[in-house]
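Before any comments, here is the structure.
In what follows, chains are A, B, ... by sequence order, proteins preceding strands, each numbered from 1. These numbers were taken from a predicted model, which means no experiment stands behind them.
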Amino acid sequence: MTATVGVVQFPGTNCEHDVVEAVGAVGGSATLLWHGDGSIGDVDAVVVPGGFAHGDYLRPGAIARFSPIMAAVADFAERGGPVVGICNGFQVLTEAGLLPGALQKNAGLKFICDESQLRVASNDSVLTGGTEVGDLLSVPINHFEGNFTCDAETEQRLVDNDQIVLTYVNNPNGSVADIAGICNEGRNVVGLMPHPERAVSALLGSEDGLVLLGSMIDAAAGARV
Amino acid sequence: MSEPIHRALGLTDEEAESIASLLDREPNHLELAMYSVMWSEHCSYKSSRIHLKRLPTEAPWVLVGPGENAGVVDVGDGIAAAIRIESHNHPSAIEPYQGAATGVGGILRDIFTMGARPIAIMDPLRFGPLDDARSRWVAEGVVSGISGYGNSVGVPTVGGETVFDKTYQGNPLVNVLCLGTLPTDRLVLGVASGVGNLAVLLGSRTGREGIGGVSVLASAGFSDDETDSAKRPSVQVGDPYEEKRLIEACLTLLDEKLVVGIQDLGGAGLTCAASETASRGGVGMDFDVSAVPRREEGMEPFEVMTSESQERMLAIVEPGDLDRVIELCERWEVLATVVGRVTEGGDLRIVDGFDGEELACVPASTLHEDAPLYDRPRAEPDDRAAALAASPSALPAPDDIGADLAAMLLDTHWVWSQYDHQLFLNTVSGPGGDATVLRLKHPTTGADTGRGLALSTDGNHRWCAVDPRAGTAATVAESILNLACVGARPLALVNCLNFGNPEHPEVMWQLSEAIDGMAEACEAFGLPVVGGNVSLYNESLGSNIDPTPIVGVLGLVDELKVVPPGLAWSEGDRLVLLGDPAASELAGSQWAFDKGHRTGSLAPVDYEAHRAVVDLVRKLVSGGLLSAVHDVSGGGLGACVAEMAIASSIGCTVARVAGHAELFSEAPSRVVAAVSADLLGPVEAAATAAGVPLTRIGLASGEKFAVKGLIEMPLGELVDASVNRLPEALGRGTTQG
């Protein structure tokens, strides 16, 4: 049985169609969710994709968090539904309070679009369930504000609760503890800066995103059962 | 007596007289302002049109040739590709970030105006030398502007070129190419038709930015910093978020077949959009200037009509569809306002309310079709014969050939890693290689065709400074060879002709020669020119830039199953040179220019031999026989092999290179290929069958970079020279750890 993934579309989002295509590549089906709607309908997982929601005006995610759809996403997350925020989606989830910490400008003060090597730090999350801790994955990054930051207390809590799911092998942006992705305490909400949907075919340079998105589909199908 | 108003607007006395005779009366101020922008060099191509006619433009697969917003070619499977290139040189010289950003915005609108979704941007860039502080500031600002706008608007920047040279000090070149795809049956043109139809202005409010940008800024050179600063208000400011919503709204309108015609607002703003749509449709238009939403109070009608405020489109809509158009625009938070009505006759009337006062009335077609056409005086340089004879072969051999080579290398990762080059999941070969390869997917269904689109942009000011005709022909040849290196065959060419002041006879001669060279090469290769842009007045402090025609060539990969080989070879690969092994002409080479020698006679392109090399390389790449491949161009064989070694972090030993002339010659139609030992036989057999000389020149191995008898150095030294140059000059883009 397959799962249906709702992909949120804000004005300014630009990775939504890529996520739809990549979800198809791992055997899921996907449907777009409009930011102005108050319901996510009958979906088994939600992806908040990358892009520049509301132009990133004020700061990334700061306006998007007030969209009607986000209340429905928060409610779904509360009920244990799988929610994955990629890049700008990660920024939206931190602004919405679904994940701790914040994403600030890269330490080099430049936009970076490049290959990146990730290490799986925890496989206990809806995005990494199919991986082994220590697995190395090649997944590209594409961001200006990807430098994860949080206070020392939060960092300690992330470590203690095994909420750090992915780290950079070579930290490209100055993130605390080399963090590339984290999950919430319920392990059903994950945010990451790298783009797994861009690593779904050898023609595109990497297939390492398949295991991540595949894990999400499995978690979604499982959650529905 | 004060200066007559037409001169202040950039019109000559003769041009003002011909406006009066077209109208059979003296134009009023608003009319004069409209003619001044439409008859500017930038909009009317008045100095170049007479020459551009010589370019070949037709082929069975060409759906739309030059003269529309973009060229369109049929790429099969019900898909058409729209392509255009433009310059934003002058705005970028004044205000690098916004100049470059609005260049991206403008070219995107040209593409979605045709009904195409923009899928890729390429940026050929030219800056002054890295040791010049202002040039570094311009370079950093331009790259940030492209990154800031392109990434946010959600169109990947998949390639381009970056060159630093003294000739561009004070006048950088910021060219931008955009490629889009559309279902072939959705092709729309910027035509108004159907009397009673409505002209609906979509997008941003109109402000005072960029008033007269085309006439004041784009059609005059630079003098000194003080007057240039005064021109800064003529530069527009871009808003990629507005553009993103505008793209989505317009493509939705097109999907639902709600527009009769659509036109972007670029140079010359509303005047251009209204007059062009009306004139193309053989109709007139009543244009209500009072209805145009504004950013500020107190704007005069002439300001509204000539403003270059960004992110605006003019759609022609049937009255019955208006409600649905407005509804869809509201969904995307795009302002939609009825500003015009299509009328009978051919007059463009500017009115203050549809029933209000007539502020201007001119035959729409006269604004562009009757624009002046100049055959400006041309003169080849007096000393040309002597220059052609003064060969750089006479220069002494360098003491340290390795140092000369290292000085030529420039890794552009610093530039393109700031661009999102992966969005849409199409990028198979991205920036940094000979050409970009994109998966070809259907623009609305997303179905993968299993084929690819390839793009290369190329320009070489040194070749064109030595000989604009032969240099331009060689540029076209190089671009086609670049496509072959990724397994693509060429389909169509667009050009951006960056030249100096057309009032200088030598510049007009360069332009005319370059067009002839391009026409000759395109005819020889059966390659149609489907669009172009001419940027003149590229000069600063009285000095013209070297002629810099840039070409962008679109190609097709018929079967895209594996990633093309690229530059990186493997340990143990055999290195072979395809093409003339003895080429040694140094005229126009980077090495000769680095030594201050700017003359001589270029090695000519032998079209038949070039085609043989191109066909062979494409066949070898498609057949999967090469592990790496790179064409020999700027920096010659030496730079070619060094770039391959750097890309693979594996050294090489190269033999059979007689001296520095053979190492640095940029003679055309040559490629270096790396072949695994077991495939050498089949590759040699293919070359023999194709009649292409193949020379075994060495082995990829180890950590040394050696050219027997000429260079022996650790590869690391070349890597450092190449990779560190931009980060050291412009600041590191990333920090490690």
Interface check, chain A: of B:Arg245, B:Lys441, B:Glu242, most non-hydrogen pairs under 4.5 Å belong to B:Lys441
Counting neighbours of CD on B:Glu327 that are heavy atoms of other residues, nucleotides or ligands and sit closer than 6.0 Å, is the number greater than 12? yes
Looking only at A:Ala202, A:Gly12, A:Ser201, most heavy-atom pairs under 4.5 Å shared with chain B are made by A:Gly12
If you take all heavy atoms of A:Lys110 and B:Trp414, which pair is closest and at what distance? CE-CZ2, 3.6 Å
Let me know if B:Arg439 has heavy atoms under 4.5 Å from chain A in its side chain, its backbone, both or neither. side chain
Which atoms of B:Glu140 are under 4.5 Å from chain A, going by heavy atoms: the side chain, the backbone, both sets, or neither? side chain
Side chains of A:His195 and B:Gln422: closer than 4.5 Å at any heavy-atom pair? no
Need one label for B:Val563: side chain, backbone, both or neither, based on atoms under 4.5 Å from any heavy atom in chain A. both
At their closest point, which heavy atom of B:Trp332 faces which heavy atom of A:Gln9, and how far apart are they? CH2-NE2, 3.9 Å
side-chain contact (heavy atoms from CB on, under 4.5 Å) for A:Leu204 and B:Thr427? Distances and angles first, verdict last. CA-CA 6 Å; A:Leu204 301 176; B:Thr427 312; 5.5 Å; no
Counting only heavy atoms closer than 4.5 Å, note whether A:Tyr168 contacts chain B via side chain, backbone, both or neither. neither
Under a 4.5 Å heavy-atom cutoff, which of B:Val428, B:Asp239, B:Asp420 has the most pairs with chain A? B:Asp420
Any chance you could measure B:His421, atom NE2, to A:Arg198, atom CZ, to the nearest 0.5 Å? 8.5 Å
Can you find a heavy atom in the side chain of A:Cys113 that is under 4.5 Å from one in the side chain of B:Gln418? no
Quick one: does A:Asp18's side chain have a donor or acceptor within less than 3.5 Å of a partner on B:Phe424's backbone? yes
If you count heavy-atom pairs within less than 4.5 Å of chain B, which of A:Asn88, A:Leu203, A:Asp114 leads? A:Leu203
Which answer fits A:His143, side chain, backbone, both or neither, if we ask what part of it has an atom under 4.5 Å from a heavy atom of chain B? neither
Does a side-chain heavy-atom distance below 4.5 Å link A:Tyr57 with B:Tyr241? yes
Portion of A:Ser175 that has a non-hydrogen atom of chain B nearer than 4.5 angstrom: neither
Which answer fits A:Glu115, side chain, backbone, both or neither, if we ask what part of it has an atom under 4.5 Å from a heavy atom of chain B? neither
Heavy-atom pairs under 4.5 Å with chain B: which of A:Gly51, A:Pro140, A:Ala22 has the most? A:Pro140
Please give me the minimum heavy-atom distance between B:Leu425 and A:Glu197, naming the atom from each residue. CD2-O, 3.4 Å
Neighbourhood of chain A inside residues 145-160 of chain B, taking heavy atoms under 4.5 Å as contact: B:Ser147, B:Asn151, B:Ser152, B:Gly154
